[in-house]
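Below you'll find the structure, written out as structure tokens, and then a few comments.
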Amino acid sequence: MVLSNLTLRFKGQENDVVQDVSLRVRRGEILCVVGESGCGKSVTSMAIMGLLPKSATQISSGRMQISSDEWHLVTDRLPAALRGNEVAMIFQEPMTSLNPAFRIGDQIAEVVQRHRGGSRSAALDRAEVMLQRVGIANPTQRLREYPHQLSGGMRQRVMIAMALANDPQILIADEPTTALDVTIQTQILDLIGDLRDETGMGTIMITHDLGVVAEIADTVAVMYGGQIVEQGPVEEVFRNPQHPYTIGLMSAMPRLDRPGERLAIVPGTVPTISNMPDGCRFRTRCAFATSHCATRPQLTDVAPEHGVACHYVPLEKHVVVSA
Amino acid sequence: MSHDVILEAVDVVKHFGDGGNWLSPKPPVQAVDGVSLKIRRGETFAIVGESGCGKSTLARLLMRLLEPTAGNVLFDGAEISHAKGAKLKRLRRDMQFIFQDPFSSLNPRMSVGKLVGEPLEVHAPDMNADDRRAKVAELLRKVGLRPEHAGRYPHEFSGGQRQRIGIARALASGPKLIIGDEPVSALDVSVQAQVINLLGDLRRDLGLTLVVIAHDLSVIRHMSDRVAVMYLGRIVEIGTAQQVFATPRHPYTQALLSAIPSMEGTSRDKKPAVQGEMPSPSDPPSGCRFHTRCPHVQPLCKSQSPKLHGQGHQVACHFWQDIAMPPTESAPPNRSDRAEARFALYRAATTGGTVIHQDKKATTERT
């Protein structure tokens with residue numbers, strides 16, 4: 001899947017919520033989009049799913065390509081047949097995304113029937129197979145249970161079963177483990193990794209946790225204020241981060257090997273969308289910003305496929321800091 | 001650090017629910033089941049565990065927000081578990097709470113000045129309005145806000161700033177001990193670091209004792225001196241942060257630590273994850289409560305509940321000596337030398353250093 005130059009804003013606002021975002025996921029690859037609240041990572045994924053209401057959003061540029069199909073997001077509406085079939089999504093809070101009034105089996109079967117037709121019982125059989133595949137013990141019995149009878153980790157497994165029921169090419173996972181405990185988080189991340197190996201689907205995972213990124217991703221895109229500030233293969237970005245925001249995020253994470261060391265911070269907070277500066281949007285919080293940063297830096301490759309959007313790359317060649 | 005105990009729990013038990021009646025029996029939820037611990041003056045003590053392990057209930061028992069079903073809580077040597085009236089009020093002055101969610105824990109209809117000043121009205125009723133205003137301004141400065149923020153309302157602030165307001169409010173009565181229930185887990189990473197630094201500074205400057213409840217193990221490792229690990233209402237391991245993180249003795253602690261997704265671990269090799277999920281606290285397993293998920297389970301574990309034993313570094317496991325692992329030191333992240341140079345520049349620049357651009361006449365505009 002390739003998403004090119006997506007720019008969109010909510011109607012009635014002066015500023016773009018997502019600005020010129022391009023992402024690419026290859027078959028069998030896991031792309032992590034990482035950033036803090038309000039960086040536009042969820043809106044981007046909603047746009048890929050075609051879930052943003054036309055009446056409230058204004059897309060000014062963007063193309064999306066899945067296999068050989070291509071859509072111009074400005075003019076085309078993404079076909080409903082795409083959702084849940086070729087592109088599927090799982091959400092952060094599995095309790096609110098499952099319907100509490102229907103049995104698990106019926107909810108999965110509905111997705112299957114909707115896209116593939118066929119009989120109810122065939123769909124239920126498919127649901128059972130899927131539950132088994134996501135590691136739920138006793139699938140026959142679980143099919144007849146309601147969401148409230150399952151724990152958080154199990155519900156997330158059900159969501160994954162539902163998303164994968166139609167063998168999608170792309171899975172979008174929006175903070176799939178944020179609401180879960182660490183031991184359960186490991187189980188779910190392992191499951192997503194295994195299913196990727198089995199099915200060869202491409203995965204876009206949205207997260208705020210750099211630890212999760214290091215754990216599971218093949219490639220990573222760091223977003224700030226609706227812009228991609230850095231992207232590339234995960235080993236390369238973690239070994240050789242370049243953008244001041246990426247460096248700031250990594251410095252702000254407590255390190256197990258340096259307990260008690262004072263954490264470096266990213267000063268201030270993310271500006272609201274109406275107060276976003278033009279040019280590089282990180283410049284109001286960046287210690288290295290100059291007046292030049294009012295011109296938007298382009299994402300430029302510093303290594304194969306490792307792009308950074310900063311005028312002062314590499315930083316150590318451009319600045320010195322005196323105490 | 002002095003070793004006198006400021007807060008102590010002795011075999012504290014808290015069960016919720018009365019068991020229903022004979023028509024519909026409802027087993028009580030054994031949220032906390034026989035916990036003993038000693039918190040020393042001036043230290044940061046962390047309680048770790050997964051959701052439902054009873055850590056928040058324990059925090060509320062320690063603060064006398066709940067009364068224990070059995071057992072005692074002692075603050076400065078005095079029994080407080082059933083304190084009432086004037087004694088309770090005095091206790092509230094000495095012990096304060098910081099909540100997880102800065103969005104729901106501040107009254108949206110009260111100005112910041114009023115929110116921070118309210119504890120002063122209660123605990124220092126003789127203070128006149130001018131003194132109180134001055135004190136509020138001082139508190140706001142102390143937590144990194146500006147005195148003129150006093151006239152604003154909570155909705156005008158971001159999550160991190162609201163958490164600072166919550167901290168200022170907790171500091172207002174001049175407490176000796178502050179308990180934070182997940183004080184930073186609702187915050188974004190960059191803001192979380194600011195609040196962690198602030199809590200560390202305040203503890204040092206004001207000589208506070210800090211009790212932190214959290215599920216994020218890297219945060220715990222960073223902040224705390226000693227750590228207690230809870231599982232299903234019981235403490236399974238307790239020790240200094242160094243002991244617990246480098247040589248975890250309980251299989252549950254070992255599993256928790258191996259589950260931390262870390263920036264260092266790019267290898268993506270399979271970890272020995274614990275299977276399954278935590279059983280219900282209303283029907284806990286017999287014997288060692290972890291035996292249903294433990295990879296080292298033996299027949300003895302199912303029948304006999306292990307006691308916490310050891311000196312300093314204590315563990316509640318029958319077989320901890322058999323499953324001991326060699327100490328592990330966390331590795332630093334794998335970064336190139338030039339990246340390390342960049343991190344050093346970043347740290348210097350964000351801690352008051354002056355940034356000088358070497359390019360032709362670039363003007364620096366520091367904020």
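Chain naming here is simple, since letters A, B, ... match the order of the sequence lines and numbering starts at 1 in each.
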Please classify the contact between E261(A) and chain B as side chain, backbone, both or neither, with a heavy-atom cut-off of under 4.5 Å.
both
Pair E50(B), T183(A) - check side-chain hydrogen bond (donor to acceptor under 3.5 Å, both in side chains), show working.
CA-CA 8 Å; E50(B) 295 179 279; T183(A) 56; 2.4 Å; yes
Under the criterion side-chain contact (heavy atoms from CB on, under 4.5 Å), I'd like the reasoning laid out for D201(B) against R262(A): C-alpha separation, chi angles, the key distance, then a yes or no.
CA-CA 10 Å; D201(B) 293 347; R262(A) 198 176 171 78; 2.8 Å; yes
What option among [options] has the most heavy-atom pairs under 4.5 Å with chain B?
options: P244(A), G135(A), G248(A), C293(A); answer: G248(A)
options: G193(A), A137(A), A252(A); answer: A252(A)
options: D181(A), L189(A), V213(A); answer: D181(A)
options: Q242(A), M154(A), K317(A); answer: Q242(A)

Closest approach of [X] and [Y], non-hydrogen atoms and distance?
X: A259(B); Y: V182(A); result: CB-O, 3.8 Å
X: A193(B); Y: A264(A); result: CB-O, 4.0 Å
X: A331(B); Y: D257(A); result: O-CG, 3.9 Å
X: V321(A); Y: A349(B); result: CG1-N, 3.9 Å
X: P261(B); Y: V212(A); result: CB-N, 3.8 Å
X: H222(B); Y: P254(A); result: CB-CB, 3.6 Å

Note, [X] side chain near [Y] side chain (heavy atom, < 4.5 Å):
X: E316(A); Y: L345(B); value: yes
X: V191(B); Y: T269(A); value: yes
X: V319(A); Y: Q358(B); value: no
X: S251(A); Y: F343(B); value: yes
X: R335(B); Y: N240(A); value: no
X: V320(A); Y: H357(B); value: no
X: R221(B); Y: R255(A); value: no
X: Y346(B); Y: V266(A); value: yes

Assess the side chains of S190(B) and R285(A): does a donor N or O sit below 3.5 Å from an acceptor N or O?
yes
Just by distance, do the side chain of Q194(B) and the backbone of G268(A) share a donor-acceptor pair under 3.5 Å?
yes
Between Q187(A) and G276(B), is there a donor-acceptor pair closer than 3.5 Å when you use the side chain of the first and the backbone of the second?
yes
Looking at [atom1] of [X] and [atom2] of [Y], how far apart are the two atoms once the value is rounded to the nearest 0.5 Å?
X: D188(B); Y: H208(A); atom1: CG; atom2: NE2; value: 7.5 Å
X: I196(B); Y: I265(A); atom1: CD1; atom2: CD1; value: 12.0 Å
X: L256(A); Y: I220(B); atom1: CG; atom2: CD1; value: 11.5 Å

Which atoms of D337(B) approach chain A - backbone, side chain, both or neither, heavy atom under 4.5 Å
neither
Does any heavy atom of chain A fall under 4.5 Å from the side chain of S51(B), the backbone, both, or neither of them?
both
Look at E340(B) together with R239(A) and state whether they make a salt bridge at an N to O cut-off of under 4.0 Å.
no
Assess whether side-chain contact (heavy atoms from CB on, under 4.5 Å) is satisfied between R342(B) and H243(A), documenting all intermediate values.
CA-CA 9 Å; R342(B) 259 168 251 145; H243(A) 196 281; over 6 Å; no
